[in-house]
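In what follows, a single structure is set out as structure tokens and then discussed.
Just so we're clear, the structure is a prediction, and the values are computed from it rather than from any experiment.
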Amino acid sequence: MSDNELGMFLRIRREGVTPADVGLPTGPRRRTPGLRRAELATLAGVSVEYVTRLEQGRDRRPSPPVLSALAEALRMTPSERVHLHRLSKSAEGGFTCMGGATPARMVRPTVRGLLARLEPAPAVLLNRLSEVLARTEGYERVAGPVGLLDGGPPNLARFVFTDARARTAYPDWDRVADEQVAALKQGPFRADRHVAVLADELTVTAGEEFSGRVERLPGLPESSGVVRLVHPEVGELRLAYETLELPADDDQRLIVHLPADDATSTALDHLNGRRPGALRVLSG
């Protein structure tokens, strides 16, 4: 399994930026998706050979000015720039943002109080291993019947990749699996020994479905979107979600779901034993 996360991230971002995005002519007969290495090198003010070394993992310690130039040339968002910085630091032997700290499993009282205030919306608190640390009763009514909360502690990534029920629960299983890998890779990934242990486990238990995604997907999961889930009692749910990152000391993220359509709103009302329309549909 490749450990060249920095090089892969740069390559994927380069292939995702079109010449038009950066004011370059498209030209005929382009074989390379996105920008050519030479084009990126010109935009960033570095040599083509240096871009090649970075992408191939032969140079893993670019200076901050070079990283800044590459990020600017690739039109990276603020979150992508943070991820790029973390990847460059994790290439320095043994560095991790968490300093080897054990994944947080304690939940602060105020966070539990916030979850209580979110009832009956399905909301769940996860740590960096995707372990379920706390949830609303609304989340239990949605996730429990599909099997997601089985195990101790329940782990969303492990459920998606190793439990056969996950493919029934998630009609868009491939997309959900992509998001789980992206979440695990958000940060130093294998430089974090705790994440590395889980990644090794999933590599063995899920095989190519997991390891192939590790090879081709960068970090940075979607912080919001819509996920489809098939509930054994009320059928398909379309749940809009927002991810809220808690402070760094918590090392946790809160995911809150709202109904994305009227049918889902009605179904959640049924599960929660509430009058129709108690959970307002998220409209755009």
Side-chain angles (χ1 to χ4, degrees), residues 77 79 114-115 118-151 153-186 198 202 206 209-210 212-214 216-246 252-272 274 278-284:
T77 65
S79 61
L114 174 60
L115 280 167
L118 290 172
E119 294 285 6
V124 61
L125 185 72
L126 306 172
N127 63 12
R128 71 180 188 269
L129 296 184
S130 291
E131 293 174 336
V132 175
L133 305 178
R135 65 264 188 173
T136 61
E137 292 181 3
Y139 187 83
E140 292 177 3
R141 287 187 282 269
V142 168
V146 304
L148 196 157
L149 298 178
D150 295 352
N155 184 295
L156 183 53
R158 188 177 288 118
F159 172 75
V160 168
F161 282 103
T162 67
D163 195 313
R165 295 172 293 182
R167 291 180 182 267
T168 300
Y170 294 112
D172 305 313
W173 184 89
D174 283 306
R175 178 186 169 192
V176 172
D178 286 351
E179 285 296 294
Q180 289 307 305
V181 170
L184 289 176
K185 293 182 69 175
Q186 189 175 18
L198 177 59
L202 295 178
E209 292 284 19
F210 178 78
R213 285 177 166 81
V214 168
R216 69 176 185 271
L217 293 174
L220 295 176
E222 296 291 336
S223 59
S224 62
V226 176
V227 62
R228 292 195 298 156
L229 185 143
V230 176
H231 191 280
E233 182 180 345
V234 296
E236 181 176 306
L237 303 172
R238 294 186 67 251
L239 298 166
Y241 65 88
E242 289 287 341
T243 304
L244 310 176
E245 299 286 346
L246 270 60
Q252 297 165 356
R253 65 189 189 275
L254 177 65
I255 304 177
V256 183
H257 301 82
L258 291 172
D261 56 31
D262 289 333
T264 299
S265 181
T266 300
L268 290 179
D269 287 340
H270 174 78
L271 290 177
N272 294 324
R274 294 164 66 94
L279 281 180
R280 188 170 59 183
V281 177
L282 183 67
S283 60

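- The OG atom of S223 sits 9.5 Å away from the CD atom of E179 when rounded to the nearest 0.5 Å.
- With sequence neighbours left out, the side chain to side chain contact (heavy atoms under 4.5 Å, CB included) criterion links D172 to R175, R228.
- When all heavy atoms of A182 and P221 are compared, the pair lying nearest together is O-CD, 3.6 Å.
- Across all their heavy atoms, F159 and R165 have their closest contact at CZ-C, 4.3 Å.
- When the side chain to side chain contact (heavy atoms under 4.5 Å, CB included) test is applied to A169, the partners found at least two apart in sequence or on another chain are V146.
- Every pair passing side-chain hydrogen bond (donor to acceptor under 3.5 Å, both in side chains) that includes a residue from residues 153-162 is listed here, sequence neighbours excluded: R158-E201.
- Residues passing the ring-ring contact (aromatic ring centres under 6.0 Å, His included) test with F161 are W173, F210, sequence neighbours excluded.
- Taking CG of L133 as the start and CG of L126 as the end, the distance is 7.0 Å to the nearest 0.5 Å.
- E140 is linked by a side chain to side chain donor-acceptor pair (under 3.5 Å) to R135, counting only residues two or more places apart in sequence or in another chain.
- Between P171 and V230, the closest side-chain pair of non-hydrogen atoms falls below 4.5 Å.
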Using the side-chain contact (heavy atoms from CB on, under 4.5 Å) rule, take L148 and V142 through it: C-alpha gap first, then chi angles, then the decisive distance, then the call. CA-CA 9 Å; L148 196 157; V142 168; over 6 Å; no
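- Taking both residues in full, the closest heavy atoms of E222 and T243 are given as O-OG1, 4.3 Å, listed atom of the first, atom of the second, then distance.
- Take S224 and apply the side chain to side chain donor-acceptor pair (under 3.5 Å) test, not counting sequence neighbours, and it matches no residue.
- In this structure, the separation between CD on E242 and CG on L258 is 8.5 Å, given to the nearest 0.5 Å.
- When all heavy atoms of P154 and L149 are compared, the pair lying nearest together is CG-O, 3.2 Å.
- Applying the side chain to side chain contact (heavy atoms under 4.5 Å, CB included) rule to P153 yields the partners E131; only residues at least two apart in sequence or on another chain are considered.
- Atom OG1 of residue T264 and atom NE2 of residue H231 lie 12.0 Å apart, to the nearest 0.5 angstrom.
- In terms of the side chain to side chain donor-acceptor pair (under 3.5 Å) criterion, E137 has no residue partners (sequence neighbours excluded).
- Here the side chains of L229 and Y170 are in contact, with some heavy-atom distance below 4.5 Å.
- By the side chain to side chain donor-acceptor pair (under 3.5 Å) test, E209 pairs with R167, R213, sequence neighbours left out.
- Here the straight-line distance linking atom CG of L114 with atom CG of L246 works out to 8.0 Å at 0.5 Å rounding.
- Of the inter-residue distances, the one linking L244 atom CG with I255 atom CD1 reads 9.0 Å to the nearest 0.5 angstrom.
- The side chain to side chain contact (heavy atoms under 4.5 Å, CB included) with V256 is formed by just one residue from the set L118, V124, L239, T136; it is L118.
- Inspection of the D269 and T266 side chains reveals no N or O donor paired with an N or O acceptor under 3.5 Å.
- Side-chain contact, S130 with R253: a donor N or O sits under 3.5 Å from an acceptor N or O.
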